[in-house]
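Model, not experiment: these values are computed from the prediction.
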Amino acid sequence: MNLNHLQHRNLTRLVSLVSGLVLFAARPESRGQGVTAAKPSTTTPLMALLDRFTAADVPVLGPGESEVPAPRWTNAPAPPANLPGKGLAQHPMLFIGEGYNKMFLVNKGKVIWTYSTGRGNEYDDVWMLSNGNILFTRMQYVAEVTPKKDVVWRYDAPEGTEIHACQPIGLDKVMFVENGLPPKLKVVNIKTRAVEVEHALPAKSADDPKTVHPQFRRARYTAQGTYLVPCLGLGAAGKVVEYDKDFKEIWSYDIKSPWAAIRLKNGNTLITDESDKLTREVNSRKETVWELKPEDLPAEYRFINTQTCTRLANGNTIICSRGGNGKGPQLVEVTPDKKVVWVLQDWANLGPATAVQILDDPGIPESPGDSEH
C-alpha cells in the first residue's frame, strides 16, 4: 500500500468521524419533559420479550383480570378465499379493539397471551414497553400490567371523566388525556405518583356531560417535545392541534372527525378521520401527500370503518377496523402505492381492531417518535 493511498484512507476515516460527531451534536432534543429524542433503533427489542408471556408461571387469568362475555361474532361469515398475506402469521403484534375487552398478543401465527377486563367500555390505546409491561386505556382507567398480569400502576378516571389515550414517556412517565368538564392533558410520574403536567384542553361545552365522551382520542407526545392532539368533538368539524411545551398552539389542521394523529419520522402528520373512513398524511404546509379510502381498494379487501393506523418502518401502512362485528377485515396493510399486501379477517381468534402495535418493527416504544402507532 503506498503512502498517498494510506493518507487518503486515514483522511476519509477522519472526515467520517467528524461528520458523525457533528450529526450527533445537532440531534434535536425533546422539550417539556426532558426526554432526548432518540435515534430510531435498528433492532427489534420487543421480540426478545415474548418468551416472558409464555412462561410457566404466567396465569391463565391474573388477579386483576375479569373474563369477558362470549363475543357476538361467533357466527361470522367465512372470510374471502386467498386473502393477501399470511393471516395471523404476517406480524407479531399486540391487538385491541372497542367492543371486546380482551387484548391479544400474537406471535408466529398464534395467540400466545391474552388479558381480559370484563364488561364495560372500552379499549382504545395500548403499548408494549421495552421492559415487557403493557400500558393501556380502558375508558374508566389507564393501567400498566406485567407479562405475569400483575398491575404495577393504575389511574382511575374521576367520576364524570373518561380516558381513551395514553403514551409512555420513558419507563417512568405516562401521558394521557382525561376527557371531562374541562378535559385535561396530564403527564404522571408512575414511580412518584406526581402529576408533572396538567393542562385544560378546549371543549365544546363547559357543563354538558353528554359532550365528554367524544372529546379526545389518540393524542401523542412528539420527538420534538410537542403535544399532537386530535380534537374529535369540538363542533361540526374537528381539527388536529399541535401545542408546544407551554401549550401555545403552533400548528393545526382542520378535518371532519380526527380520531388519531401520528407525527411521522419524515415530519408529516398521519391522521385517521373516523367519520369519512379516511387515512390522510399531510405535511407541515397542510398539503395532502398521501391518502387512503376504502374505495381505493378492491371490494373484497375494503375495511368497514377505521379509528387508527400504524406506519411501518418499510413505509407500509396498516389500517385498523372494528370490522362490523365479523362482517369485514380487522387489519389491512398497504404499500405507499396502495397495493394490498395483507388482509386479516380472523374472527375465530380475534375481535375488532381499534389499535395494533407491530412488535417486529424497530424502535423503543417509550422513546417519543420511535413508534409510529
Side-chain angles (χ1 to χ4, degrees), residues 41 43-71 73-74 76 79 83 85-118 123-138 143-152 166 168 171 308 310 312-313 318 320-323 326 329-333 342-366 371 373:
S41 171
T43 62
T44 54
L46 302 184
M47 294 301 296
L49 306 174
L50 298 185
D51 286 348
R52 299 185 186 182
F53 295 86
T54 57
D57 57 352
V58 175
V60 175
L61 202 65
E65 284 189 273
S66 179
E67 193 54 88
V68 295
W73 50 84
T74 52
L83 289 175
K86 302 176 183 177
L88 273 186
Q90 183 80 5
H91 294 287
M93 60 184 174
L94 183 60
F95 178 108
I96 62 167
E98 287 187 0
Y100 194 52
N101 291 332
K102 178 180 282 191
M103 66 180 70
F104 301 89
L105 182 60
V106 176
N107 189 35
K108 297 179 180 178
K110 297 180 180 180
V111 174
I112 64 169
W113 184 89
T114 63
Y115 190 80
S116 303
T117 56
Y123 285 149
D124 286 309
D125 216 347
V126 70
W127 300 78
M128 181 187 292
L129 311 182
S130 65
N131 62 6
N133 291 354
I134 306 293
L135 176 72
F136 66 96
T137 63
R138 194 196 175 283
E144 183 177 326
V145 301
T146 69
K148 294 182 182 180
K149 306 188 176 183
D150 295 318
V151 178
V152 296
C166 68
L171 292 174
T308 74
T310 185
L312 303 181
I318 297 177
C320 298
S321 176
R322 295 201 309 277
Q330 296 123 310
L331 300 173
V332 179
E333 180 179 348
W342 179 44
V343 176
L344 181 70
Q345 187 166 333
D346 187 340
W347 294 91
N349 290 292
L350 304 178
T354 292
V356 66
Q357 181 183 6
I358 301 302
L359 304 177
D360 61 354
D361 226 33
I364 306 297
E366 62 270 13
S371 180
H373 88 281

Nearest non-hydrogen partners of V343 and P329, listed with the distance: CG1-CB, 3.6 Å

Pairwise distance CD(Q357) to OG1(T310) - rounded to 0.5 angstrom: 8.0 Å

Nearest-0.5 Å distance, CG of residue L359 to CE of residue M47: 7.0 Å

Nearest heavy atoms of P63 and D150, plus distance in Å: CG-OD1, 4.1 Å

Donor-acceptor pair, side chain of W127 and main chain of E366, under 3.5 angstrom: no

Any donor-acceptor N/O pair, K108 side chain to P92 backbone, under 3.5 Å: no

E67 side-chain N/O to S116 backbone N/O, donor-acceptor pair under 3.5 Å: no

Test log, rule side chain to side chain contact (heavy atoms under 4.5 Å, CB included), inputs N349 and F104: CA-CA 9 Å; N349 290 292; F104 301 89; over 6 Å; no

Value rounded to 0.5 Å, distance of CG in L331 from SG in C320: 5.5 Å

Spacing of CG belonging to N101 relative to CZ belonging to F136, to within rounding of 0.5 Å: 9.5 Å

Positive for side chain to side chain donor-acceptor pair (under 3.5 Å) with Y123, one of T117, T354, T137: T117

Heavy-atom pair of closest approach, residues V356 and H373: O-CD2, 3.8 Å

Nearest heavy atoms of K149 and G62, plus distance in Å: CD-N, 3.7 Å

Closest non-hydrogen atom pair, P168 against P365: CG-O, 4.2 Å

Any donor-acceptor pair under 3.5 Å from W73 side chain to P352 backbone: no

Polar side-chain atom of D361 near backbone of A313 as donor-acceptor pair, under 3.5 Å: yes

Gap between atom CE of M128 and atom CG of L50 - 0.5 Å precision: 5.5 Å

Min side-chain heavy-atom separation L350-V111 under 4.5 Å: yes

Check: D125 side chain, C166 main-chain N or O, donor-acceptor pair, under 3.5 Å: yes

Side chain to side chain contact (heavy atoms under 4.5 Å, CB included) evaluation trace for Y115 with V145: CA-CA 9 Å; Y115 190 80; V145 301; 3.6 Å; yes

Side chain to side chain contact (heavy atoms under 4.5 Å, CB included) evaluation trace for Q330 with W347: CA-CA 8 Å; Q330 296 123 310; W347 294 91; 3.6 Å; yes

Step-by-step side chain to side chain contact (heavy atoms under 4.5 Å, CB included) determination, L344 to L88: CA-CA 7 Å; L344 181 70; L88 273 186; 4.1 Å; yes

Sequence-distant partners of K148, salt bridge (charged side-chain N to carboxylate O under 4.0 Å, His left out), two or more places apart: D57

Donor-acceptor contact present, side-chain W342 to main-chain G87, <3.5 Å: yes

Expected output: side-chain R52 to main-chain N133 donor-acceptor under 3.5 Å: no

Considering all heavy atoms, the nearest E333-Q90 contact: OE1-NE2, 3.9 Å

Side chains of V332 and S321 in contact at under 4.5 Å (non-hydrogen atoms): no

I364 CD1 to T44 OG1 distance, which is reported to the nearest 0.5 Å: 10.0 Å

